[in-house]
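From a predicted model like this one, the values you see are computed outputs, not experimental measurements. For ligands, and for the atoms within them, numbers begin at 1 and follow the listed sequence. All heavy atoms count here, side chains included; hydrogens, waters and symmetry mates do not.
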Amino acid sequence: MDMDTQELKHYVNGEFTSSSTHFPNTNPVDGTEIGRVWEADQATVDRAVAAARQALEGEWGKMSQAGRCALLHNVAEGIEARFDEFVAAEMADTGKSLIQASTIDIPRGAANFRIFADMAMSQGGECFQSPTPDGSGALNYSINKPLGVVAVISPWNLPLLLLTWKLAPALAAGNTVIAKPSEETPSTATLLAEVMHDAGVPAGVFNLVHGFGPGSAGEFLTTHPDIDAITFTGESRTGSAIMRAAAEGVKPLSFELGGKNAAIVFDDADFEAAVAGVARSVFTNGGQVCLCTERVYVHASLFDRFVAALKEQALSLKVGWPSEPDTDMGPLISFEHRDKVLSYYRLAREEGANVITGGGVPHFGDARDKGAWVEPTILTGLPESARCVREEVFGPICHIAPFDTEEEAVAMANDSRYGLAAVLWTRDLSRAHRLAHRMDAGIVWVNSWYLRDLRTPFGGTKLSGIGREGGRHSLAFYSEPTNICIKL
Ligand SMILES: NC(=O)c1ccc[n+]([C@@H]2O[C@H](COP(=O)([O-])OP(=O)(O)OC[C@H]3O[C@@H](n4cnc5c(N)ncnc54)[C@H](O)[C@@H]3O)[C@@H](O)[C@H]2O)c1
Ligand SMILES: O=C/C=C/C=C(\O)C(=O)O
């Protein structure tokens, strides 16, 4: 793909195609247009769904598990063979740092295909030897069939990682897919289509349509009568809209949604580790990770020292050109998202926050002044009822509040409509286990953040989602078990 005159097409039934309208692709570093993206109309989506159905009932549906999983390994190798192209494309769409794109986003694209190909091959089924009234006995065993034609809708913050986190298990379980990446980040999804094509994935197995949500490809997919299931990662309110769209057809849904994640730093914590760990969990990817910390609770005895230390960390972040190897943070994804984050920076002041650092837009004196940049920001002094403490901002910002007792800390951390991730910083092993059990969150890290084992259940409670992804949890969602009872 030529990034200078980028023209991003859909991938339908094994062919790259255009449609009737297109939209610009913009680099948020300096606001330059880097190409154009075709927007799928209803007819394009209809063709993609029909191609997926035909593949499911054809070559792909008849292919062995081993054959499918060997192809997924080929895809992983194809991503790695074009690693630098994927890194460049991800950075151009998002402005994320070279460090982030090359150590997290793109490696996980390949890893996601490998983990689910291997787990699908090694996962057996259930079998029971059952008693019967006449004493002859019965054998109960289950087989897993694919759900069918699956719509995959993914967000812009970790574009390849989150697309393949859904796509890989869906294909490993034998489904066919129509994927719609975020309109903000079309590039690596299109590269992936090239890799899938070259890897020999049969036509119609993986289809890619570009576009927006309402009134565009996203809505055309979620309301399509021949879609069998929907897997979505994005904002909670979008999840509500998709639930409404899917309700008529009672479609299975997998949702990974928003968060307002808390970190709790206890008085016995390794102070330096906690400061560095919280800085990482607040500012990674400019705070544009669903698992990022936006609420920090620090034991009163450490509070002033911790605030000062985290401020020092924020000021030491290199907010700069994404391609520079020591850059920690780039711009936000778009001007629209920057306006949202800046509106919370203004709101924080209106709600009476102390702005410890940040709260505005950095000045570079070069082309970056035309990009979607904000300053890393730390707040204190707000009540727990403040909107900046309750609502997801999804930017490089956190609010720090003191606590005196465990009970107080847990109560504040759990007082949220979200329940995705929590981080506990303590050396007390008993407290770590005891409080991890009490957190209203799908994922709890102790003395670490974003350490990932892809076999573990990943997802959130409350407004943070429905279901879990990861390992057998993903394969279970993308499968329909049938139990068979044989009387002996
Ligand atoms: N829980 C997780 O694992 C996780 C991971 C990443 C991001 N997120 C969340 O995602 C959000 C940021 O991502 P975003 O801004 O791309 O989210 P978003 O909801 O705006 O968009 C996500 C995707 O949904 C599509 N979409 C939007 N409206 C739609 C509709 N009505 N019907 C069908 N498709 C529609 C978009 O085009 C995009 O592809 C944050 O809230 C973040 O917390 C959650
Ligand atoms: O922004 C959300 C990040 C999600 C990360 C994962 O789903 C993962 O690491 O598997």
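Expressed to the nearest 0.5 Å, how far CD of Glu219 lies from CD1 of Ile153 amounts to 10.0 Å. Distance check: Ile443 CD1 to Phe458 CZ gives 4.0 Å after rounding to the nearest 0.5 Å.
The shortest N or O to N or O distance between Ser464 and ligand 1 is not under 3.5 Å. By the 3.5 Å distance cut-off applied to N or O atoms, Glu392 is counted among the residues near ligand 1.
Proximity to Glu183 (heavy-atom distance under 4.0 Å) selects the following atoms of ligand 1: 36 (C), 37 (O). When each atom of ligand 1 is checked for a heavy atom of Leu420 under 4.0 Å away, the hits are 1 (N). Listed by number with element, the atoms of ligand 1 under 4.0 Å from a non-hydrogen atom of Phe458 are 3 (O). The Phe212 neighbourhood of ligand 1 comprises atoms 37 (O), with distances under 4.0 Å to a heavy atom of that residue. Near Pro181, with a cut-off below 4.0 Å to any heavy atom, the atoms of ligand 1 are 39 (O). Residue Asn157 approaches ligand 1 through these ligand atoms, each under 4.0 Å from one of its heavy atoms: 6 (C), 7 (C). Listed by number with element, the atoms of ligand 1 under 4.0 angstrom from any heavy atom of Thr238 are 18 (P), 19 (O), 26 (N), 27 (C), 28 (N), 29 (C), 35 (C). Listed by number with element, the atoms of ligand 1 under 4.0 angstrom from any heavy atom of Leu162 are 5 (C), 6 (C).
Here Glu248 does not pair with Lys251 in a salt bridge; the nearest charged N to carboxylate O distance is not below 4.0 Å. Note on Glu80 versus Arg114: salt bridge recorded, some NZ/NE/NH1/NH2 to OD/OE distance being below 4.0 Å. In this structure, Lys166 does not pair ionically with Glu256, as no charged nitrogen and carboxylate oxygen lie closer than 4.0 Å.
Side-chain atoms of Thr190 and His210 form a donor-acceptor pair, as typed in the model, at a separation below 3.5 Å. A donor atom on one side chain and an acceptor atom on the other are not found under 3.5 Å apart for Thr284 and Tyr450.
Checking atom 3 (O) of ligand 1 against the protein gives a heavy-atom contact under 4.0 Å.
If you look at Ser154 next to ligand 1, the close heavy atoms, those under 4.0 Å, all belong to the backbone. Residue Thr233 touches ligand 1 through backbone and side chain together, judged by heavy-atom distances below 4.0 Å. Under 4.0 angstrom from ligand 1, there are no non-hydrogen atoms of His337.
Contact shell of ligand 2 (protein heavy atoms, cutoff 4.0 Å): Arg108, Asn157, Leu158, Leu161, Leu162, Trp165, Val289, Cys290, Tyr450, Arg452, Phe458.
Each of Ser416, Ser464, Cys292 was compared with Lys260 under the side chain to side chain contact (heavy atoms under 4.5 Å, CB included) criterion, and only Ser416 meets it. No option in Arg108, Gln288, Lys96 other than Lys96 meets the side chain to side chain contact (heavy atoms under 4.5 Å, CB included) test with Leu158.
Compare Leu257, Ile242, Asn261 by their heavy atoms: the one nearest to atom 1 (N) of ligand 1 is in Leu257. Considering Gly465, Gly234, Gly215 only, the shortest heavy-atom separation from atom 10 (O) of ligand 1 involves Gly234. The nearest non-hydrogen atom to atom 33 (C) of ligand 1, considering only Ser334, Gly218, Ala151, Ser236, comes from Gly218.
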### Query
Taking it one step at a time, do His197 and Phe206 satisfy side-chain contact (heavy atoms from CB on, under 4.5 Å)?
CA-CA 9 Å; His197 185 84; Phe206 171 69; over 6 Å; no
### Stepwise ring pair (Phe, Tyr, Trp, His ring centres under 6.0 Å) check, Trp165 with Phe116
CA-CA 9 Å; Trp165 184 234; Phe116 289 111; 5.4 Å; yes
### Task
Please report the C-alpha distance between Val341 and His337 in whole Å, then the side-chain angles of each, then the deciding distance to 0.1 Å, and finally whether the side-chain contact (heavy atoms from CB on, under 4.5 Å) criterion is met.
CA-CA 6 Å; Val341 172; His337 187 55; 3.8 Å; yes
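The side-chain contact (heavy atoms from CB on, under 4.5 Å) test applied to Arg438 returns Glu407, Val410, Leu435, not counting sequence neighbours.
Side-chain rings of Phe16 and Trp38 stay apart, their centers remaining 6.0 Å or farther from each other.
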